[in-house]
Amino acid sequence: MPKIETSGKLLFSLVGAQYTDEQLEKYFPVAKAELDGHDEAQDLYKIELNDTNRPDLWSAAGLARQLRQYVEGGTPVLYDFFSTAENRMDDGGRRLIVDASARKVRPYSIGFAATGVVVDEDILQAIIQSQEKLCWNFGRKRRSIAMGVYRNDIISYPVHYRGADPDRTSFIPLGVESPMTLRQICEEHPKGKEYGYIVKDAPVYPFLEDDKKEALSFPPVINSAHIGAVEVGQEELFFEFSGTELKDIVLAASIIACDLSDMGYTILPVTVEYPYDTPLGREITVPFYFQEPIACPLQTIHTTLGVPMTGDQVVTALKKMGIFSVAENESVYVTVPEYRNDFLHPVDVAEDVMIGYGLENFAPQMPDDFTVGRISPAEELARKSQELMIGLGFQEMIYNYLGSRREYVDNMMVSDKDVIFIANPMSENYEVVRPSILPSLLESESVSGHAVYPHRIFEVGKVAYKEPSENSGVVTRNHLGFLSADNGVNFNDGLAYVKTLMYFLKKDYTLSELEGDARFIPGRCARIMVGDKQVGIFGEIHPAVLEAWGSAMPAVGAEFDLDTILD
Amino acid sequence: MRSQGTVLSARQLPKAKVPGKYFGIARCFRYDQVDATHGADFYQTEGIVLGKDVNLQTLLGILKMFAEEIAGAEEVKYVPGYFPFTEPSIEVHIKHPVLGWFELGGSGIFRPEVTRSLGIDVPVLAWGLGIDRMALMHLGLNDLRELFTPDIESVRTRRGN
């Protein structure tokens with residue numbers, strides 16, 4: 001989930017009000033945000049945004065817009081710089097011309113310019129952060145969306161976007177002193193090593209230059225060190241977005257344009273020309289509004305939220321969310337904000353109505369439908385086994401299912417052939433999924449020497465191990481394991497418990513010899529068979545195993561596969 | 001190894017009756033730093049309710065039952081959440097006397113795109129809530145790890161609330 005950082009100064013100047021941490025925590029749910037931290041000395045707020053379909057909220061400006069609208073009220077902001085299919089804004093002669101060769105590598109590039117505010121440290125950080133969050137989270141690590149920021153004052157329009165020969169095109173990228181070819185950048189530049197893979201295998205590489213053949217960038221990898229070097233103190237900016245899905249990059253541009261506008265910038269549209277058809281035509285003036293209005297019947301809101309709401313109530317609730325809508329003919333017609341594209345279905349409208357109306361205005365109720373419930377056969381057997389074990393004087397335990405190699409393999413003197421290891425564990429203490437309950441029970445022995453004996457413990461739980469005949473290559477089974485530890489416990493005690501259990505579980509069984517199982521003392525252990533199927537094993541725990549666990553008390557242990565008993 | 005139990009509900013849905021109520025208990029696994037409220041593996045209860053008349057208010061009713069009746073929480077809050085498969089989505093948080101506010105889990109009404117493809121034309125409530133976190137409240141514990149303790153004496157002498 002995206003996390004952002006912002007200075008309080010920027011956030012609250014954008015909101016137009018100052019909030020305490022308590023107020024923020026109270027208001028943040030409107031943006032599905034959480035306050036992760038507030039460093040008062042540095043005036044730094046860390047905020048987590050939970051809605052991965054709302055990239056417009058992943059910036060101080062976007063979050064402030066939502067908070068301001070919800071808390072302070074008023075009319076949602078009208079952004080007047082958007083072109084539509086019908087109404088094109090004046091581009092002032094700024095054009096971006098896409099060459100047919102771009103189609104072979106990264107088909108779409110768009111841009112717009114902004115002016116009117118001198119970039120300060122806060123704004124620069126905000127722009128860099130928006131770029132990172134949009135391109136990393138929403139743009140799949142720049143694969144589908146990449147964004148570059150440039151010095152608009154030294155660009156000679158029109159800007160050209162094309163697929164360029166990786167070996168014969170060179171410029172000085174940010175961070176180095178001398179020109180490099182696009183291929184050299186891919187192979188040697190740190191950003192090339194990080195993002196070069198996106199275009200590496202294409203016949204041509206994406207290249208952006210101005211009309212005087214001055215390089216802007218090698219999208220999605222790196223900007224030029226000249227036009228592409230934006231610093232504090234500058235005022236004229238050009239924003240360019242490249243990617244594989246046109247609507248995604250147009251939305252990203254809209255989000256950035258609205259944020260900049262909220263920060264006081266004047267947005268200067270740029271017209272993009274394509275030599276091929278795109279989902280939005282061959283000539284698009286950006287920022288461009290492409291979203292379709294969505295209708296939501298009042299009935300859908302009623303059935304979804306459980307409360308009948310009038311058209312006026314719905315329109316008011318949506319306004320609190322910053323959304324224009326009109327109610328007509330038992331439906332509400334929603335104008336989707338320029339910076340959002342998450343209204344796929346009327347239920348998406350219902351959720352915004354819910355948040356705008358206030359979750360506290362909905363009363364918890366129990367469902368009226370009467371239904372008959374029953375537990376599953378596996379659970380029935382598990383519960384019966386638990387009751388029997390308790391009846392036999394055993395104490396129920398719950399264990400974690402992840403443990404170490406030492407616990408599940410080494411201490412048990414078993415092979416790791418069928419044991420499931422996690423490839424990237426957080427620590428070696430959680431590296432293995434337990435293949436058996438016995439090591440969990442023995443872990444209790446190792447830490448419970450201070451508890452008065454006898455120790456009689458059991459667990460009904462799951463185990464997992466490799467099983468080539470399964471689709472996934474592994475299997476999870478319901479097991480019952482028990483352990484009895486005391487001076488003088490032996491095979492006969494174990495047998496008495498096994499007999500009692502099988503009697504009450506109504507299973508006829510036989511015992512057969514268990515050979516080569518190092519967990520038990522040879523000759524004092526057995527396999528429990530139902531027909532020709534093994535349903536469990538039990539026996540005296542081998543002193544070497546007990547010693548590995550640091551326990552000197554004799555113990556008998558058993559483990560049943562309840563799923564096999566159920567079959 | 002699932003990070004949450006929604007798969008149980010997804011598997012039950014095609015066989016579910018209308019009206020119908022189903023639940024399951026699932027051990028879940030996460031790449032989380034283990035602490036008082038996080039385990040590398042933990043229990044969730046997963047449930048669905050299908051019915052013509054279920055809605056946000058019934059979902060809140062069920063969440064309230066878990067928070068108040070089962071966990072025994074006195075302070076409960078519901079906040080909008082986000083899950084790709086539900087809309088609207090709600091998170092429920094409870095206040096623990098020592099640990100403070102923590103999230104009990106997520107819930108919502110399955111998106112019509114999810115249910116309609118399975119031939120279900122009624123709303124379906126769904127939730128996944130941390131049982132261990134409910135147990136923390138219910139048993140008056142201050143650390144999840146105490147629930148899974150291997151220490152026999154500690155389990156013998158635990159009294160609960």
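Here is how names work: the chains are called A, B, and so on, in the same order as the sequence lines, proteins then strands, and each is numbered from 1. In this text the structure is predicted, and so the values were computed from the model without any measurement.
Between chain A and the residues Ser89(B), Gly108(B), Gly39(B), the most heavy-atom pairs under 4.5 angstrom are made by Ser89(B). Note: Gln395(A) leads Gln395(A), Met366(A), Glu443(A), Met354(A) in heavy-atom pairs under 4.5 Å with chain B. Contact count versus chain B (heavy atoms, under 4.5 Å) is highest, among Ile375(A), Val452(A), Thr476(A), for Val452(A). Highest contact tally toward chain A, considering only Gly51(B), Gly81(B), Pro84(B), is held by Gly81(B) [criterion: heavy-atom pairs under 4.5 Å]. Counting heavy-atom pairs closer than 4.5 Å to chain B, the top residue among Asn400(A), Val372(A), Leu344(A) is Asn400(A). Your options are Leu56(B), Val49(B), Ile25(B), and the one with the most heavy-atom pairs under 4.5 Å with chain A is Leu56(B). The candidate with the highest count of non-hydrogen atom pairs below 4.5 Å against chain A, out of Glu91(B), Glu87(B), Lys64(B), is Glu87(B).
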### Task
Report the C-alpha separation of Ile152(B) and Glu445(A) in whole Å, then their side-chain angles, then the decisive distance to 0.1 Å, and conclude whether the side chain to side chain contact (heavy atoms under 4.5 Å, CB included) test is met.
CA-CA 8 Å; Ile152(B) 293 173; Glu445(A) 273 311 286; 3.9 Å; yes
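For a residue to count as touching a neighbouring chain, one of its non-hydrogen atoms must lie under 4.5 Å from one of that chain's; by this rule Val474(A) does not touch chain B. With a threshold of 4.5 angstrom between heavy atoms, Ile420(A) does not approach chain B through any atom at all. There is no contact between Phe83(B) and chain A, counting heavy-atom distances below 4.5 Å. No part of Pro346(A) comes within reach of chain B, as not one of its non-hydrogen atoms sits under 4.5 angstrom from that chain. At a 4.5 Å heavy-atom cutoff, the contact between Gln33(B) and chain A is made by backbone and side-chain atoms alike. If you measure heavy-atom distances from Thr52(A) to chain B, the contacts under 4.5 Å come from both the backbone and the side chain. Only the side chain of Ile109(B) comes within contact range of chain A, judged by heavy atoms closer than 4.5 Å. For a residue to count as touching a neighbouring chain, one of its non-hydrogen atoms must lie under 4.5 Å from one of that chain's; by this rule Ile90(B) touches chain A with the side chain only. Of the atoms belonging to Arg111(B), it is side-chain heavy atoms, and not backbone ones, that fall under 4.5 Å from chain A. For Glu459(A), the part lying near chain B is the side chain, with the backbone staying farther off; criterion is any non-hydrogen pair under 4.5 Å. If you measure heavy-atom distances from Thr157(B) to chain A, you find no contacts under 4.5 Å at all. For Ala350(A), no part sits under 4.5 Å from any heavy atom of chain B, backbone or side chain. Using a 4.5 Å cut-off between heavy atoms, Ile457(A) contacts chain B through its side chain alone, with no backbone atom that close.
Checked by atom type and distance alone, the side chain of Gln365(A) never pairs as donor or acceptor with a backbone atom of Gly61(B) at under 3.5 Å.
For the pair Thr303(A)/Pro123(B), no side-chain contact is recorded, criterion being any heavy-atom separation below 4.5 Å from C-beta on. At least one side-chain heavy atom of His450(A) sits less than 4.5 Å from a side-chain heavy atom of Glu153(B). When side chains are defined from C-beta on, Thr371(A) does not count as touching Lys17(B), because their heavy atoms never get closer than 4.5 Å. For the pair Pro80(B)/Leu359(A), a side-chain contact is recorded, criterion being any heavy-atom separation below 4.5 Å from C-beta on. Using a 4.5 Å cut-off on side-chain heavy atoms (C-beta onward), Arg27(B) and Lys462(A) make no contact. Within the 4.5 Å cutoff, the side chain of Pro29(A) has no heavy atoms near those of the Lys77(B) side chain. By the 4.5 Å heavy-atom criterion applied to side chains, Met426(A) and Val34(B) are not counted as neighbours.
Atom OH of Tyr430(A) is separated from atom CZ of Arg30(B) by 15.5 Å, given to the nearest 0.5 angstrom. Interatomic distance, CZ of Arg434(A) versus CG of Asp41(B), reported as 8.5 Å (0.5 Å rounding). Atom-to-atom distance recorded for Ile398(A):CD1 and Asp132(B):CG is 7.5 Å, nearest 0.5 angstrom. Note that OG1 of Thr149(B) and OH of Tyr399(A) are 9.0 Å apart. Values are rounded to the nearest 0.5 Å. The CG atom of Leu59(B) sits 12.0 Å away from atom CZ of Phe362(A), with the distance rounded to the nearest 0.5 Å.
Shown here for Tyr31(B) and Pro425(A), the closest heavy-atom pair between the two residues is CE1-C, 3.8 Å. Across all non-hydrogen atoms, the minimal contact from Pro150(B) to Met397(A) is O-CE, 3.6 Å. Between Leu305(A) and Pro88(B), the shortest heavy-atom distance links the atoms CD2-CG, 4.3 Å. Of all heavy-atom pairs spanning Lys21(B) and Pro367(A), the tightest one is CE-CG, 4.2 Å. A pairwise comparison of heavy atoms in Gln57(B) and Gly306(A) identifies NE2-O, 3.1 Å as the closest pair.
Within 6.0 Å of the CZ atom in Arg158(B), the count of heavy atoms belonging to other residues, nucleotides or ligands exceeds 12. The environment of CG in Asp36(A) is crowded: more than 12 heavy-atom neighbours from other residues, nucleotides or ligands sit within 6.0 Å. Crowding of Lys466(A) atom NZ: a count of heavy atoms from other residues, nucleotides or ligands under 6.0 Å exceeding 12. The local environment of CG in Asn471(A) is sparse, with at most 12 non-hydrogen atoms from other residues, nucleotides or ligands closer than 6.0 Å. Around CZ of Phe23(B), the count of heavy atoms belonging to other residues, nucleotides or ligands within 6.0 Å does not exceed 12. Counting heavy atoms of neighbouring residues, nucleotides and ligands inside a 6.0 Å radius, atom CD of Glu74(B) does not exceed 12 of them. Open room surrounds CD on Glu428(A); 12 or fewer heavy atoms of other groups in view lie less than 6.0 Å from it.
Ring-plane geometry between Tyr401(A) and Phe29(B) is classed as tilted, the angle between the planes lying from 30 to 60 degrees on a 0 to 90 degree scale.
Of the residues listed (Asn53(A), Asn50(A), Asp51(A)), the one engaging Tyr82(B) in a side chain to side chain donor-acceptor pair (under 3.5 Å) is Asn53(A), and it is the only one.
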